[in-house]
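Before any comments, here is the structure.
Chain naming here is simple, since letters A, B, ... match the order of the sequence lines and numbering starts at 1 in each. What you see is a predicted model; the values in this text were computed from it and never measured.
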Amino acid sequence: MEEREVRIGKLEQLKAMGIDPYGKVLRNIEPIAKIRQAADGDTCSTMARVTNIRQHGKLTFADLKDFTGKLQLSFRKDALGDKYDFLKKFIDVGDVIYVTGSMYHTGRGELTLDVMDFVLQSKCLRPLPEKWHGVRDPEVRYRQRYLDLIIDDDSKERFRKRSAMIKAIRELLWDKGFVEVETPILQPIPSGASARPFVTHHNALDIDLYLRIAPELYLKRLVVGGIHRVFELGKNFRNEGIDQNHNPEFTMLELYQTPGDYEDMMQVAEDIIMAAASVCDNNGSINFKGMDVHFERPFERITFKDAFRKYANLEWDDINTLEKTTAIIKDKGLEMTKTSTWANAIQKLFDELVQPNLINPTFVIDYPVAISPLAKRKTDEPDFVYRFELFVAGMEMGNAFSELQDPFDQKSRFEEQMKLKESGEEEVILMDEDFVTALEYGLPPTGGLGIGIDRLIMLLTESENIKDVILFPTLRPKVEEATETIESTN
RNA sequence: GGGCUGUUAGCUCAAUAGGUAGAGCAACGGACUCUUAAUCCGUGGGUUGCAGGUUCGAGUCCUGUACAGCCCA
């Protein structure tokens with residue numbers, strides 16, 4: 001590791017000269033994006049990482065980058081004197097420096113800070129990845145995200161947008177009078193959705209606890225408690241495989257509103273998605289995995305039954321029993337991975353035959369009660385519920401319903417789920433008696449909505465892999481290696 | 001879980017048929033006051049992911065393994 005040794009050598013020399021390579025805090029700075037708005041002749045100061053150095057004898061240009069942008073610097077021997085020689089000798093690409101100087105435009109028109117003084121703020125001991133190919137190895141990008149952020153402007157921009165979208169969503173909800181809350185991540189019963197949970201153990205209580213798979217049942221308790229508009233934006237955890245669309249921990253928005261129903265939730269869902277989309281200047285059109293997607297209100301609506309008719313050419317009479325769905329699954333050469341129930345079969349058929357066709361934002365509404373244990377039955381059609389799922393680019397983006405208020409019905413639906421569990425079904429919505437008790441106190445007519453934030457951000461930033469919108473995606477830890485680190489100096 | 005592909009210098013990538021492992025950038029030394037992938041001259045840099053095997057000889061072929069990517073479930 002020769003280059004690193006060279007830089008450590010410089011570090012030692014600096015110390016010997018009485019210069020702290022990890023300098024004092026200098027606060028009178030502004031981010032690069034702000035500085036770039038200055039007029040020629042203005043005096044500006046900033047602190048950022050040097051990403052490129054171009055030396056020309058007694059004149060040196062350098063590029064400085066922070067999270068907000070890039071700025072060219074010029075260093076002149078005739079302005080800096082001995083300090084210019086210090087620059088040439090001790091400042092490397094990767095170092096973080098404080099600079100102060102005056103703005104001007106070069107002959108070629110590049111906005112540049114002519115440096116009057118600079119201070120080393122942190123010495124970079126390792127060479128940065130190559131300057132124009134950047135980091136290609138996905139593993140480095142995910143494990144050493146800081147390198148990705150230093151080098152890759154697109155990545156930087158993607159995470160800046162992520163932050164801005166989440167801010168836009170929060171502001172929208174606050175403006176609508178929603179209260180933001182935090183409910184337990186450690187839950188004794190991981191209910192509210194059907195997925196395998198992570199298990200952990202609390203020593204003092206000597207009980208197993210589960211990382212939540214959904215905050216749903218807690219948020220509805222809060223509606224019972226009188227918080228009529230409530231939301232939570234946070235992590236859920238599901239113990240399932242990792243692929244382009246799945247990370248074991250992911251960010252979910254859930255909100256509940258009373259008075260409200262799933263019609264209201266369609267409006268809110270559109271509001272949220274348009275608010276997030278407004279952050280990306282793409283005029284509501286994106287291209288995702290080769291699909292052209294247009295965001296335009298109102299989003300399309302189609303009933304669950306009609307979706308089968310339209311996209312799979314199947315009438316409800318063709319698929320309303322386990323025998324019929326099983327036959328079709330075989331006929332299409334599909335494979336059932338879960339237990340053989342009508343609920344699993346109809347879900348499988350939907351996932352395979354309908355979902356991939358839903359490119360533009362589409363609300364699929366009025367689901368069968370058998371696959372919706374927390375949603376309110378339709379008054380005119382009690383085998384169906386007031387529920388929708390939102391699909392975009394063939395991906396599920398959201399799930400919402402008019403919430404089931406009837407504690408007796410809720411109890412019996414939990415019981416059905418538990419029967420399924422006993423018969424070997426792994427993923428069911430677990431019985432939560434305390435939640436039923438809460439319903440007995442009276443849940444007013446409520447609409448509830450969940451939106452997968454990571455997937456929304458993937459879509460709007462046209463990122464095909466969920467790992468590209470999560471700063472530190474879950475990876476298998478590296479076993480060997482433990483990259484050579486410096487010996488502690490004490 | 002299954003299949004395919006990848007892993008070579010700090011970074012990005014080469015290496016034809018199994019025959020001394022190369023280039024660009026980065027680094028180091030030198031020239032250079034308007035470059036922006038600066039340019040020019042020169043120098044150093046490798047346990048080819050890891051562990052075995054075949055062979056006179058392995059980056060290359062075989063087996064196993066680790067990690068990653070893609071596809072499938």
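- A sub-4.0 Å separation between OP1 or OP2 of B/U36 and a side-chain N or O of A/Arg108 is present.
- By the ring-ring contact (aromatic ring centres under 6.0 Å, His included) test, A/His56 pairs with A/Phe61, sequence neighbours left out.
- Contact check, A/Lys58 against B/A31: no side-chain N or O comes under 4.0 Å of OP1 or OP2.
- When each of A/Arg7 and A/Gln55 is assigned the nucleotide of RNA chain B with its nearest heavy atom, A/Arg7 is the one assigned upstream, toward the 5' end.
- Straight-line distance from the OH atom of A/Tyr104 to the P atom of B/U33: 14 Å, rounded to whole Å.
- The aromatic rings of A/Tyr367 and A/Phe304 are tilted relative to each other, their planes meeting at an angle between 30° and 60°.
- Note on A/Lys10: a side-chain N or O is less than 4.0 Å away from OP1 or OP2 of B/C28.
- Looking at A/Phe350, A/Tyr311, A/Phe299 one by one, the single match for ring pair (Phe, Tyr, Trp, His ring centres under 6.0 Å) with A/Phe391 turns out to be A/Phe350.
- Residue A/Arg54 has no polar side-chain atom (N or O) positioned under 4.0 Å from OP1 or OP2 of B/U35.
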Name every donor-acceptor pair, under 3.5 Å, that has one atom in a side chain of residues 20-35 of chain A and the other anywhere in the protein, sequence neighbours excluded.
from    : atom 1 : to      : atom 2 : distance (Å)
A/Asp20 : OD1    : A/Tyr22 : N      : 2.8
A/Glu30 : OE2    : A/Lys34 : NZ     : 3.1

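- Among the nucleotides B/A68, B/C28, B/U33, the one closest to any side-chain atom of A/Val6 is B/C28.
- Look at CD on A/Glu464: it is 9 Å from P on B/C70, rounded to the nearest Å.
- Between A/Gln244 and the phosphate of B/C71, there is a side-chain N or O to OP1/OP2 separation shorter than 4.0 Å.
- If you check the side chains of A/Asn360 and A/His294, you find no donor sitting under 3.5 Å from an acceptor.
- Between A/Asn52 and the phosphate of B/C25, there is no side-chain N or O to OP1/OP2 separation shorter than 4.0 Å.
- Side-chain N/O atoms of A/Asn465 include one lying less than 4.0 angstrom from OP1 or OP2 on B/C70.
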Please list, pair by pair, any protein nitrogen or oxygen found under 3.5 Å from a nitrogen or oxygen in nucleotides 11-13 of chain B.
from  : atom 1 : to       : atom 2 : distance (Å)
B/C11 : O2'    : A/Glu130 : N      : 2.9
B/C11 : O2'    : A/Gly134 : O      : 3.3
B/U12 : OP1    : A/Arg136 : N      : 3.0
B/U12 : OP1    : A/Asp137 : N      : 3.4
B/U12 : O3'    : A/Arg136 : NH1    : 3.3
B/C13 : OP1    : A/Arg136 : NH1    : 3.1

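- Nucleic acid contact class of A/Lys348 (heavy atoms, under 4.0 Å, all strands): none.
- Only one option out of A/Leu314, A/Ile319, A/Asp318 pairs with A/Trp316 in a side chain to side chain contact (heavy atoms under 4.5 Å, CB included); it is A/Ile319.
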